[in-house]
Engineer: 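Here you go, one structure.
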Amino acid sequence: MDYSKIDLFLKKYSFHSKMKYSYEYSSKIMDVSGLLPIREILGKVLPWELETYLLFCIDYDEVSKNELQNKDFLNVMYAIRSYNPLEEDTDITTARMLITSIGLTEFYIQTSIFRRFYRYNYFYNFENKKINMKEVFINSFGVEYEEFIDLAIYIQIFVGKPYNDIMAYVIFKKYCKVTKNLIITRDEYKKEIRKFAKKTTDFLFCVRPSYTYAFIEYEGKLYFPLPHLFCKNITSSLLFRLTKENSKLRELFGKEVLESYLFEVLNNTKQFDEIYQEIEYNHHGERFDSSDVMCRIKNDYLFFESKSQVPSIEVRQFNEKAFKKEINKMAEAVVQLYKSIVRFIEHSEYSPFKSTIKPDKVHIWGFVSILESSEPSNELIYNKVAEILNLKLKSKEMNWVITHIKVVDLTSIERFCFDSLDFIKSLKLQIEKGGLYDYALSHSSDLVSYDNKKEYDLIEKFTNQCFVRERLIIDDLVKKGILKN
């Protein structure tokens, strides 16, 4: 089957039968911890293929009520997988934008759902003098975030298994207040598609409305076509909905919540001799801010700059202006951290550390932590950095910037913290073994955990709390006769 014929082919089959296969195959790539590991997903129908398939199913109305068969469904999946969006004369800029879009759509975060829930539970329950995220969340969604987590864990446990009565009870009765936040009608879904895709080839890379809405209402029935996206529905997508068109909240979130979270996950590791949050200081009568988090490990110093940046919708749509803007924002963040490190070396008032010995630059490192990175080419980022700093790309100073200041997504930082991996060793290994523009923290497989504990204390405690709550609710299901003991 040709990709261009998928829409005409799927119109012949009932909406119900198309949703059945979407749910079935989405369930097959999940386990109780989240998405299956990459090595287990390969050879199965892939997440992005199912998401593309659903866009066709929603957007094109049925002309008959035939039942879709498994072999026909798999033929459609093969057509989606086989389609090559690159033309022979594609220029290098378009190719790079395409690679970025593919990465955003096809490369899924391989991490336990409990780690994701831990992060967003922190976000949505954060309170200080400047912001009360718990109050903001409840006012927006009408329910505490813990109930979203409870429903998600139930779905992970029971999805794809012969427990339809339990799923119906949990989704439509027990957690109906959660569910109502995640429902969209088919007609509304079509309108959302039009915002992100102008033609069917855009379906491969565009933002999926199913990132936000788990359940689709059509002809009096509620469908749950892509359960593998439920974790995304109730984590990053809820944050987008909270801060959409609210720049003040977004700014407060980045400054108060995200920076506090970064400090917490770093502070609760056991690898730093000293760690400090951002400080304000004066130098020759002028006010300055330090980096957001400052750490020392023996003779090495590590600085973090936190950014609440996420990939823009336009980046997925091959918008060259948006693509360049993304590069520029990351480059400017690197320059900001570079200038902060220079001040650390030059301003005696900057340092909160106990040691008064002036460190050598070879022992100073930095990370720009991005909430969600679009993973653009590092070469393009550092080319822009060199331009902003007016440095030659092959100069000694620029080589130090490239090898010592890295752009990395928050998930990678969490992984190093939660798995007790050494940041400094990884950075040094990258200089020894890696290419100049390799992605940061990409040599973790060469590292050995410095801590014998299997799990980060806070994650272990949080996970146990989740399971205690689930045990209580399962007991309630047994008591009501919905689940047999």
Side-chain angles (χ1 to χ4, degrees), residues 3-23 26 47-65 68 76 80 85 101 104-105 140-142 148 171-172 176-247 250 310-319 321-322 372:
Y3 183 89
S4 63
K5 301 291 193 299
I6 292 175
D7 53 345
L8 295 175
F9 179 79
L10 287 174
K11 286 165 71 78
K12 299 183 295 184
Y13 299 99
S14 71
F15 188 75
H16 181 81
S17 65
K18 288 182 288 190
M19 294 302 97
K20 181 186 76 171
Y21 282 107
S22 183
Y23 173 82
S26 176
W48 69 271
E49 294 166 350
L50 287 165
E51 294 158 22
T52 303
Y53 163 80
L54 182 64
L55 294 175
F56 278 106
C57 294
I58 299 292
D59 205 31
Y60 292 92
D61 292 334
E62 295 73 33
V63 295
S64 63
K65 301 289 185 180
L68 184 70
V76 174
I80 292 171
S101 294
L104 289 170
T105 306
S140 297
F141 300 114
F148 282 85
I171 292 172
F172 303 127
C176 59
K177 291 182 180 179
V178 173
T179 301
K180 74 175 185 179
N181 289 291
L182 304 172
I183 296 174
I184 187 171
T185 67
R186 186 178 183 181
D187 286 339
E188 289 168 341
Y189 197 111
K190 288 179 183 180
K191 291 176 184 176
E192 290 294 309
I193 292 175
R194 296 280 73 78
K195 294 178 184 178
F196 309 128
K198 296 178 181 178
K199 52 189 183 300
T200 57
T201 50
D202 294 338
F203 288 179
L204 293 162
F205 315 114
C206 72
V207 173
R208 287 77 160 89
S210 288
Y211 289 166
T212 302
Y213 301 101
F215 307 102
I216 299 170
E217 186 179 351
Y218 181 60
E219 293 185 339
K221 293 183 179 179
L222 208 58
Y223 294 91
F224 186 23
L226 298 175
H228 74 266
L229 284 178
F230 198 78
C231 179
K232 188 176 185 71
N233 295 149
I234 70 157
T235 53
S236 56
S237 291
L238 289 180
L239 181 61
F240 175 78
R241 293 168 69 178
L242 275 179
T243 58
K244 184 182 179 182
E245 300 176 356
N246 190 337
S247 57
R250 184 86 196 181
V310 297
S312 69
I313 292 169
E314 290 80 9
V315 167
R316 294 173 178 267
Q317 298 172 326
F318 304 142
N319 184 309
K321 185 178 180 181
E372 288 184 27

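None of these values were measured; they are calculated from a predicted model.
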Engineer: K221 and Y223: which non-hydrogen atoms are nearest, and at how many Å?
Structural biologist: CD-OH, 3.5 Å
Engineer: Any side-chain heavy atom of S140 sitting closer than 4.5 Å to one from R241?
Structural biologist: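 A side-chain contact is absent here, since even the closest heavy-atom pair is not under 4.5 Å.
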Engineer: Between I216 and P225, what is the shortest heavy-atom contact and its length?
Structural biologist: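 I216 and P225 have their closest heavy atoms at CD1-CG, 3.8 Å.
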Engineer: Can you tell me how far apart OG1 (T200) and CG (L55) are? Round to the nearest 0.5 Å.
Structural biologist: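 It is 10.5 Å, given to the nearest 0.5 Å.
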Engineer: Taking F56 as the fixed residue, which of Y13, F9, Y3 is the one that meets the ring pair (Phe, Tyr, Trp, His ring centres under 6.0 Å) rule?
Structural biologist: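 Of the listed residues Y13, F9, Y3, the ring pair (Phe, Tyr, Trp, His ring centres under 6.0 Å) partner of F56 is Y3.
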Engineer: Determine whether V76 and E49 make a side-chain contact, defined as any pair of heavy atoms from C-beta on separated by less than 4.5 Å.
Structural biologist: no
Engineer: For Y218, check ring pair (Phe, Tyr, Trp, His ring centres under 6.0 Å) against everything at least two apart and list the hits.
Structural biologist: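 Applying ring pair (Phe, Tyr, Trp, His ring centres under 6.0 Å) to Y218 gives F15.
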Engineer: If you look at every heavy atom in L68 and Y21, which pair is closest and at what distance?
Structural biologist: O-CE1, 2.9 Å
Engineer: Out of curiosity, M19 CE to L54 CG, how far, rounded to the nearest 0.5 Å?
Structural biologist: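 Output value for this atom pair is 5.0 Å.
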Engineer: Under a 3.5 Å threshold, yes or no: a donor from one side chain and an acceptor from the other, between H16 and E62?
Structural biologist: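 No, E62 and H16 have no side-chain donor paired with an acceptor closer than 3.5 Å.
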Engineer: Let me have the donor-acceptor pairs involving side chains of residues 176-185, under 3.5 Å, with sequence neighbours excluded, atom names and distances please.
Structural biologist:
{"unit_1": "T179", "atom_1": "OG1", "unit_2": "I171", "atom_2": "O", "d": "2.6"}
{"unit_1": "T179", "atom_1": "OG1", "unit_2": "Y175", "atom_2": "O", "d": "3.1"}
{"unit_1": "N181", "atom_1": "ND2", "unit_2": "F141", "atom_2": "O", "d": "3.0"}
{"unit_1": "N181", "atom_1": "ND2", "unit_2": "K177", "atom_2": "O", "d": "2.9"}
{"unit_1": "T185", "atom_1": "OG1", "unit_2": "E188", "atom_2": "N", "d": "3.1"}
{"unit_1": "T185", "atom_1": "OG1", "unit_2": "E188", "atom_2": "OE1", "d": "3.2"}

Engineer: Please report the C-alpha distance between I80 and L204 in whole Å, then the side-chain angles of each, then the deciding distance to 0.1 Å, and finally whether the side-chain contact (heavy atoms from CB on, under 4.5 Å) criterion is met.
Structural biologist: CA-CA 8 Å; I80 292 171; L204 293 162; 4.1 Å; yes
Engineer: Could you pull out all residues at least two apart from T235 that satisfy side-chain hydrogen bond (donor to acceptor under 3.5 Å, both in side chains)?
Structural biologist: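 T235 satisfies side-chain hydrogen bond (donor to acceptor under 3.5 Å, both in side chains) with no residue once adjacent residues are dropped.
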Engineer: Find the distance between CZ (R208) and CG (L229) and round it off to the nearest 0.5 Å.
Structural biologist: 8.5 Å
Engineer: Can you classify the ring geometry of F230 versus F224 as parallel (below 30°), tilted (30 to 60°) or perpendicular (above 60°)?
Structural biologist: perpendicular
Engineer: Rounded to the nearest 0.5 Å, how far does OH of Y60 lie from CD1 of I6?
Structural biologist: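 The distance works out to 10.5 Å.
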Engineer: To the nearest 0.5 angstrom, please state how far the NZ atom of K11 sits from the CG atom of D7.
Structural biologist: 7.5 Å
Engineer: Rounded to the nearest 0.5 Å, what's the gap from CD1 on I58 to CZ on R186? Could you check?
Structural biologist: 5.5 Å
Engineer: Looking just at side-chain N and O atoms, do Y189 and S210 make a donor-acceptor pair shorter than 3.5 Å?
Structural biologist: yes
Engineer: Using modelled atom types and a 3.5 Å cut-off, is there a donor and acceptor pairing between side-chain atoms of S22 and backbone atoms of L226?
Structural biologist: no
Engineer: Would you confirm whether S237, through its side chain, and Y211, through its main-chain N or O, come within 3.5 Å as a donor-acceptor pair?
Structural biologist: yes
